[in-house]
Number of protein chains: 2
Amino acid sequence: MKKQVKKKTSAKIPVGIVHVAKKAGVSPATVSRVLNDNPTVDPKIREIVKAAIAELNYRPHFAARNLPKGQTGNLALVTARSSPVIFANPFFSKVFEGIGSVLDESPFNLMLSLTPSQMRRLMDSRTVDGIILIAVRENDPYLEEVEEMELPSVVIGAYRRISQMTVFCPDYEGGVASAVKFLAGIGHRRIGLLDGPPDSYKSGEDRRGFEEAIRQLDLEEVGSLTAEEFLERDGFLAFCSHFSEGKPLPTAYVVSSDHLAIGLLKATGDFGIKVPEDLSIVGFGDIPIAEHLQPPLTSIHGDLVEMGAEAARTLIQMVEGRKKIIKRVVYPMQVVERGTTAPPKA
Amino acid sequence: MKKQVKKKTSAKIPVGIVHVAKKAGVSPATVSRVLNDNPTVDPKIREIVKAAIAELNYRPHFAARNLPKGQTGNLALVTARSSPVIFANPFFSKVFEGIGSVLDESPFNLMLSLTPSQMRRLMDSRTVDGIILIAVRENDPYLEEVEEMELPSVVIGAYRRISQMTVFCPDYEGGVASAVKFLAGIGHRRIGLLDGPPDSYKSGEDRRGFEEAIRQLDLEEVGSLTAEEFLERDGFLAFCSHFSEGKPLPTAYVVSSDHLAIGLLKATGDFGIKVPEDLSIVGFGDIPIAEHLQPPLTSIHGDLVEMGAEAARTLIQMVEGRKKIIKRVVYPMQVVERGTTAPPKA
DNA sequence: GTTTTTTGAGAAAACATTTTCTCAAAACCT
DNA sequence: AGGTTTTGAGAAAATGTTTTCTCAAAAAAC
């Protein structure tokens, strides 16, 4: 008695597999078989069913389809940073590109969670089959939460803390060390680090790489700074307060992000300090803007598109193979020399 | 006979509403009622059920829950631009922030589609209840596709073309016009436009606003350029080829994005053209870097966080109210004067 | 020409939940 | 106390699909 009503109201009532089956004069199971390219269906019937599908403009319901599979077909990209911070993260855009390209070839959809509450909802409600964590910080509560869930997951960028998870990470430590070596190679002896916030893994790694290189080369650490975030204004403010207090300056800075470096450049410019004559600066991440600055920014570069792609590929393997893969991959970083570095004056 | 096996293997077997019901000695329906705060359940029973939920660490399955509702609880953010282009889009990051903050307060999850194929999958498979389209271009096929689907949707940034959809758009036209007026106000008579790719709506709007202002103020259009994309390199290349062909230069450029403006600054610097003494430049979007450049970039600013938030709010209203809302909101843009603009020399 | 194997397709169970229907028990009224 | 209303909760249908089971018909083997 309901059916008559349904017939009346046109197109917009969602059409399911049973409607197609009725139209084609077969059972829903057969329609399903056609949809899934099951070879045990007669070519003739197949054609009839396909015609019915086309005519009704039927599209399978993704969630319903995945329900019996016990999977959802969704992957999540998770971070708890606010979006300005994410977009300022030197490598986020590239990583993203890599992830996107892999997902495009896969049958998975991508969910995005920008806050801890969103992430918890995603995990609690079994909405995703796997998780890519990015931009994790020291005190973020959810890393443990993810580890406790038996949900497949990979982490991008946090190397040390994590024991039993798969991690993809730029070689922060090695990158910063090679920047120090590069600066030493052109004559610098008094070098400083402009580092990001202490609760970021990257900051810890940067500092480790920096100190190790300074020690190995028997150099002097001078005028190091810590910024509150990785953004331009943080670099600007860090240097301003340091300088106005009359503290000692190095002849070169290694800086934890290109954005910070831009803020530092601005501050030095405002104080009449010439780059690279008075001060050399090396950024990190080699964002597209770097080479278009004046002077163009010397920076530390790595293939982070591939890193993102590899992380996504690995996660998909874990989800599809239903097995845990534990590995840690570190991506090499190297200095690209441009206009903000030169030998020290004296 | 299966149950014994289940009991053995601990935690990781997914626990459903029936397990909870069994544990609490009630029917699945009652558990559902507790979950949905249905008042027709005895407080005592409610407590027992809640205890069982807690003990089994039960979490409702999002997709299954939404199946009978005929909804999915997901919203999609859709674009077909590659991620470098998206991230270079002057307002994307801010818009994103607005969307994220609204979604955080709502029960919806966010899906992200970075390519047309991903988007089609999302729409075809009834995976989302609503769509936010962003960075649409003239020849993108999917705008019509979305319009044909009866799926609630809002568009961010494409103003003219769309008739029957809800649109949120910065006032490109008015912003560019006010930049021209600003430049005329400080004495410029020969002004050029550095515009983005022709298939972008923004480019069309920019040009319209530019030409109208030029006409109204009876000025001369000189040396206008078209870039292939909105990125630094595109601005750089556009100016280089123009200049090396010896074509006439204006005394000021209005530029369609801050990223383009940075490329233009680099090019002018390389050719020894002084900004703002020889040439004034106004960017668009006021990205965080703008004020940290040297000289700091004069740019066109708007509250795009609010635009993103309002778009998300409206979409949610459409989805929840099951009604179509058609409106068009234009967000005002205004010039922020900084260091790349000055009166012309002679 | 009968038996065996293969092929093809329907019926029904399963996935996790909500919702409607239904009915028994408790509470209220006179 | 007998009848009516309210309350509470179970049973079953519904959501859209896949999958397993089952069986009939066609093809192959003898």
Side-chain angles (χ1 to χ4, degrees), chain A residues 1-3 5-6 13-50 52-53 56-74 107 124-129, chain B residues 1-3 6 13-50 52-53 56-73 107 124-129:
Chain A
M1 27 216 72
K2 243 182 178 174
K3 276 156 203 172
V5 184
K6 279 196 179 178
I13 293 240
V15 28
I17 206 169
V18 295
H19 303 116
V20 177
K22 199 162 290 171
K23 177 111 194 167
V26 299
S27 78
T30 303
V31 179
S32 170
R33 281 186 272 256
V34 171
L35 251 19
N36 294 284
D37 283 325
N38 187 323
T40 72
V41 43
D42 188 323
K44 276 185 183 174
I45 302 257
R46 183 180 296 275
E47 286 318 308
I48 295 174
V49 172
K50 278 190 175 171
I53 289 173
L56 295 176
N57 192 28
Y58 164 76
R59 299 277 175 266
H61 189 294
F62 193 78
R65 180 170 227 171
N66 282 302
L67 232 200
K69 288 211 226 305
Q71 298 197 296
T72 64
N74 300 138
D124 279 355
S125 58
R126 295 180 267 162
T127 302
V128 295
D129 298 332
Chain B
M1 28 217 71
K2 243 182 177 176
K3 277 155 203 175
K6 281 197 176 178
I13 292 239
V15 29
I17 207 169
V18 295
H19 303 117
V20 177
K22 199 162 288 170
K23 177 111 196 168
V26 299
S27 77
T30 302
V31 179
S32 170
R33 281 186 271 258
V34 171
L35 251 17
N36 295 284
D37 283 324
N38 187 320
T40 72
V41 43
D42 188 326
K44 276 185 182 175
I45 302 256
R46 183 181 296 275
E47 286 317 309
I48 295 174
V49 172
K50 278 190 174 169
I53 288 173
L56 294 176
N57 191 30
Y58 164 76
R59 299 278 175 264
H61 189 294
F62 193 78
R65 178 171 228 172
N66 282 303
L67 230 200
K69 287 210 226 303
Q71 296 193 235
T72 65
D124 280 355
S125 58
R126 294 180 268 162
T127 302
V128 296
D129 298 331

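In what follows, chains carry the letters A, B, and so on, assigned in the order in which the sequence lines appear, proteins first and then strands, with residues in each chain numbered from 1.
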Selected nucleotide, minimal atom distance to [X] side chain, candidates [options]:
{"X": "A:Ala29", "options": "D:dT17, C:dA12, C:dC15", "result": "C:dA12"}
{"X": "B:Thr30", "options": "C:dT18, D:dG10, C:dA12", "result": "D:dG10"}
{"X": "B:Tyr58", "options": "D:dA9, C:dT17, D:dT15", "result": "C:dT17"}

Whole-Å gap separating [atom2] ([N]) and [atom1] ([X]):
{"X": "B:Ile45", "N": "D:dA9", "atom1": "CD1", "atom2": "C1'", "result": "8 Å"}
{"X": "A:Lys44", "N": "D:dA25", "atom1": "NZ", "atom2": "P", "result": "17 Å"}
{"X": "B:Ile48", "N": "D:dG8", "atom1": "CD1", "atom2": "P", "result": "14 Å"}
{"X": "B:Lys69", "N": "C:dA16", "atom1": "NZ", "atom2": "P", "result": "17 Å"}
{"X": "B:Lys22", "N": "D:dA11", "atom1": "NZ", "atom2": "C1'", "result": "15 Å"}
{"X": "A:Leu67", "N": "D:dT18", "atom1": "CG", "atom2": "P", "result": "11 Å"}
{"X": "B:Ile17", "N": "C:dT19", "atom1": "CD1", "atom2": "P", "result": "11 Å"}
{"X": "B:His61", "N": "C:dA14", "atom1": "NE2", "atom2": "P", "result": "18 Å"}

For the student: nearest non-hydrogen atoms of B:Arg33 and B:Thr40, plus distance:
CD-OG1, 3.9 Å
Considering all heavy atoms, the nearest B:Ile17-B:Tyr58 contact
N-CE1, 3.7 Å
I want to check one thing: is the phosphate of D:dT18, taken as OP1 and OP2, less than 4.0 Å away from some side-chain N or O of A:Arg65?
yes
Euclidean distance, B:Lys50 NZ relative to B:Arg46 CZ, rounded to 0.5 Å
6.0 Å
Identify whether any heavy atom of [X] sits under 4.0 Å from a base atom; if not, whether one sits that close to sugar-phosphate; answer base, sugar-phosphate or nothing.
{"X": "A:Phe62", "answer": "nothing"}
{"X": "A:Val26", "answer": "sugar-phosphate"}
{"X": "A:Arg59", "answer": "sugar-phosphate"}

Non-neighbouring partners of [X] that pass side chain to side chain donor-acceptor pair (under 3.5 Å), sequence neighbours left out:
{"X": "A:Asp129", "value": "A:Thr72"}
{"X": "A:Asp37", "value": "none"}
{"X": "A:Arg126", "value": "none"}

Among B:Val20, B:Asn38, B:Ile48, B:Ile45, which residue meets the side-chain contact (heavy atoms from CB on, under 4.5 Å) test with B:Thr30?
B:Ile45
With A:Val41, which of A:Val26, A:Asn36, A:Val34 fulfils side-chain contact (heavy atoms from CB on, under 4.5 Å)?
A:Val34
Please round to 10 degrees the angle between the axis of the first five pairs and the axis of the last five pairs in the helix from C:dG1-D:dC30 to C:dT30-D:dA1.
40°
Could you work out, with salt bridge (charged side-chain N to carboxylate O under 4.0 Å, His left out) as the rule, every residue matching A:Asp42, not counting sequence neighbours?
none
Is the closest side-chain heavy-atom distance between A:Leu35 and A:Ile53 below 4.5 Å?
yes
Comparing B:Pro43 with A:Asn66, nearest DNA chain D nucleotide closer to 5' gives the residue B:Pro43
Neighbours of DNA chain C within residues 32-42 of chain B, by heavy-atom distance under 4.0 Å:
B:Ser32, B:Arg33, B:Asn36
